[in-house]
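Per chain, numbering begins at 1; letters A, B, ... match sequence-line order.
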Number of protein chains: 2
Amino acid sequence: MARTVSERADILPLLGEVFREHGFEGASLAHITARTGLGKGSLYHFFPGGKEEMAAAVLAEIDLWFETNVFAPLRTEEDGGAAIRDMLARTDAYFRSGRRVCLVGVFALGEVRDRFAEAVQSYFARWREALADALIRIGHPAAAASEEAEDAVLAIQGALVLARALDDATVFTRTLARLERRLLQDLGDARALATRII
Amino acid sequence: MARTVSERADILPLLGEVFREHGFEGASLAHITARTGLGKGSLYHFFPGGKEEMAAAVLAEIDLWFETNVFAPLRTEEDGGAAIRDMLARTDAYFRSGRRVCLVGVFALGEVRDRFAEAVQSYFARWREALADALIRIGHPAAAASEEAEDAVLAIQGALVLARALDDATVFTRTLARLERRLLQDLGDARALATRII
DNA sequence: TGGCACCTGTACCATTCAGTACATTATTGA
DNA sequence: TCAATAATGTACTGAATGGTACAGGTGCCA
């Protein structure tokens, strides 16, 4: 019996892709073994809790990635404008310019949402709040910043849906470009900011 | 053996809810019989093609509803502003103010997309184009109208994702209100339209 | 060289899956 | 009244589902 992959952490990205493509219910153990090359023995050795534990581990890994590379910079980077531009660039890279779907979004739409409610809710809530932080730092009024952030986060999700529906990834890149304009415009003019229509 | 429901058309909405809640793969015949009250005998009598035919019929029904109540008015109603307001009101009603999910969007994210690619693609493409039509009719420049329409359609999808993820339907109603402002603002000022940042 | 913890493949389990076959019952129209 | 058709419940199929049990193999450290 040849030892194959070794590290549990190594297979998390593969697991993620399976859940992304098939959803939680559609991700059968057959699909998972095919993609990871691991048999049931290994799978249940690494994840005694079965599919549920696998999905939870994947969600945790995604959460950590976004927390580190997107949310935290939005909260702490001094130059808020640069933080927002970084967010957009990393979002574009992560979702492969619209060719990759958001696992958390997929889970949110399904009945699985209830099983991972805390993780799903927290992911989007922290994204929204971190972005609002950065917007306030570059001079947006607090009230508007919150709604602008929500609008941006939801636009990213919607763009992923539409890009896949139309089989046209440019929908996603076009949306990111629009968001950059929308979020970073008018930085110097406080009065325009106060009265501007979102 | 008592005859129960009778019309095939009567059970389409029920079928739709099952697919909406569980996705195509997750919608087992057990779920379907439970929701519709129809046994396998009746189900396969009405839909000899099985689940695939059921889903296709549901998609066709949804398509017809939107074509009639949303797309066509956007294209033909003389008062473009009223058409857009009607679209938003009917969208709000259809999605139960954010408590109901978009079946076409759910299908778009899953692997089922390929099986119903034509229906999924056409639904969103026609929505986008019909909305762009109305925007042009109220004075938006053609180039901007197309992108504004895409932005609106994708915002609706994203709002549904986010509303369900955060378990907060107000995300959806807030988004529709924002869209109304965004789409209908500045109607009289051509110069502002030409230079406005989307 | 030995032992031991860690991996891994295989066989197996009960359950559920979509779909089929068919006999039986309702309904309809002549 | 009586066939013909439409609708329905039931029993069944073979395959796939997630999960368990476990024996055996592998690498590592003493």
Side-chain angles (χ1 to χ4, degrees), chain A residues 1-59 103 106-107 110-116, chain B residues 1-61 103 106-107 110-116:
Chain A
M1 287 183 192
R3 170 168 301 186
T4 56
V5 176
S6 67
E7 295 280 351
R8 180 186 134 127
D10 294 341
I11 63 175
L12 279 183
L14 298 172
L15 276 179
E17 292 308 313
V18 181
F19 283 123
R20 224 181 277 279
E21 291 167 18
H22 300 89
F24 181 79
E25 333 230 37
S28 67
L29 288 186
H31 284 136
I32 294 174
T33 47
R35 179 68 70 100
T36 61
L38 266 64
K40 289 187 180 185
S42 310
L43 249 15
Y44 276 86
H45 172 73
F46 288 125
F47 306 95
K51 270 177 72 177
E52 177 127 6
E53 187 176 343
M54 299 180 207
V58 167
L59 279 175
L103 173 61
V106 171
F107 275 25
E111 45 170 358
V112 243
R113 178 201 60 167
D114 302 325
R115 228 189 297 201
F116 302 102
Chain B
M1 287 183 191
R3 171 168 298 186
T4 56
V5 176
S6 67
E7 294 280 353
R8 181 186 133 128
D10 294 343
I11 63 176
L12 279 182
L14 298 172
L15 276 179
E17 292 308 313
V18 179
F19 284 122
R20 224 181 276 279
E21 290 167 18
H22 300 89
F24 181 78
E25 335 231 35
S28 67
L29 288 187
H31 284 135
I32 294 173
T33 46
R35 179 67 71 99
T36 60
L38 265 65
K40 289 188 179 184
S42 308
L43 249 17
Y44 277 85
H45 173 72
F46 288 124
F47 306 96
K51 268 177 74 177
E52 178 128 7
E53 188 176 342
M54 297 182 209
V58 167
L59 279 176
E61 202 213 15
L103 173 60
V106 170
F107 274 26
E111 45 170 359
V112 244
R113 178 200 60 164
D114 302 324
R115 227 188 299 201
F116 302 101

Visitor: Whole-Å distance between C:dA18 P and B:Arg115 CZ?
Guide: 11 Å
Visitor: Relative to the 5' end of DNA chain D, which residue comes earlier, B:Gly39 or A:Lys40, by the nucleotide with the nearest heavy atom?
Guide: B:Gly39
Visitor: Identify every side-chain donor-acceptor pair in residues 52-61 of chain B under 3.5 Å, counting partners at least two apart or on other chains, and give the distances.
Guide:
residue	atom	partner	partner atom	Å
B:Glu52	OE1	B:Arg115	NH1	2.9
B:Glu53	OE1	B:Gly49	N	2.6

Visitor: Grab the CG-P distance between B:Leu43 and D:dA7 for me, whole Å please.
Guide: 13 Å
Visitor: Any side-chain N or O of B:His45 less than 4.0 Å from the OP1 or OP2 oxygen of D:dT8?
Guide: no
Visitor: In whole angstrom, give the distance that lies between atom CD of B:Glu7 and atom P of D:dA6.
Guide: 13 Å
Visitor: Rounded to the nearest Å, what distance is computed from the CZ atom of residue A:Phe46 to the P atom of nucleotide C:dG9?
Guide: 11 Å
Visitor: Give me the ring orientation class for B:Phe24 and B:Phe107: parallel if the planes are under 30° apart, tilted from 30 to 60°, perpendicular past 60°.
Guide: perpendicular
Visitor: Pull out every residue in residues 17-33 of chain A that has a heavy atom closer than 4.0 Å to any atom of DNA chain D, ordered by number, or say none.
Guide: A:Ala27, A:Ser28, A:Leu29, A:Ala30
Visitor: Does B:Leu29 offer a backbone N or O that forms a donor-acceptor pair with the side chain of B:Lys40 under 3.5 Å?
Guide: no
Visitor: In whole angstrom, give the distance that lies between atom OH of A:Tyr44 and atom C1' of C:dA11.
Guide: 16 Å
Visitor: Strictly by modelled atom types, are B:His31 and B:Ser28 linked by a side-chain donor-acceptor pair under 3.5 Å?
Guide: yes
Visitor: Can you tell me how far P of D:dT8 sits from CZ of B:Arg8, to the nearest Å?
Guide: 14 Å
Visitor: Between B:Leu15 and B:Val18, is there a side-chain heavy-atom distance shorter than 4.5 Å?
Guide: no
Visitor: Is B:Lys51 side chain donor-acceptor paired with the C:dG19 base, going by distance under 3.5 Å alone?
Guide: no
Visitor: Choosing from C:dT8, D:dT20, C:dG19, which nucleotide comes nearest the side chain of A:Ser42?
Guide: C:dT8
Visitor: Grab the CZ-P distance between A:Phe47 and C:dT8 for me, whole Å please.
Guide: 12 Å
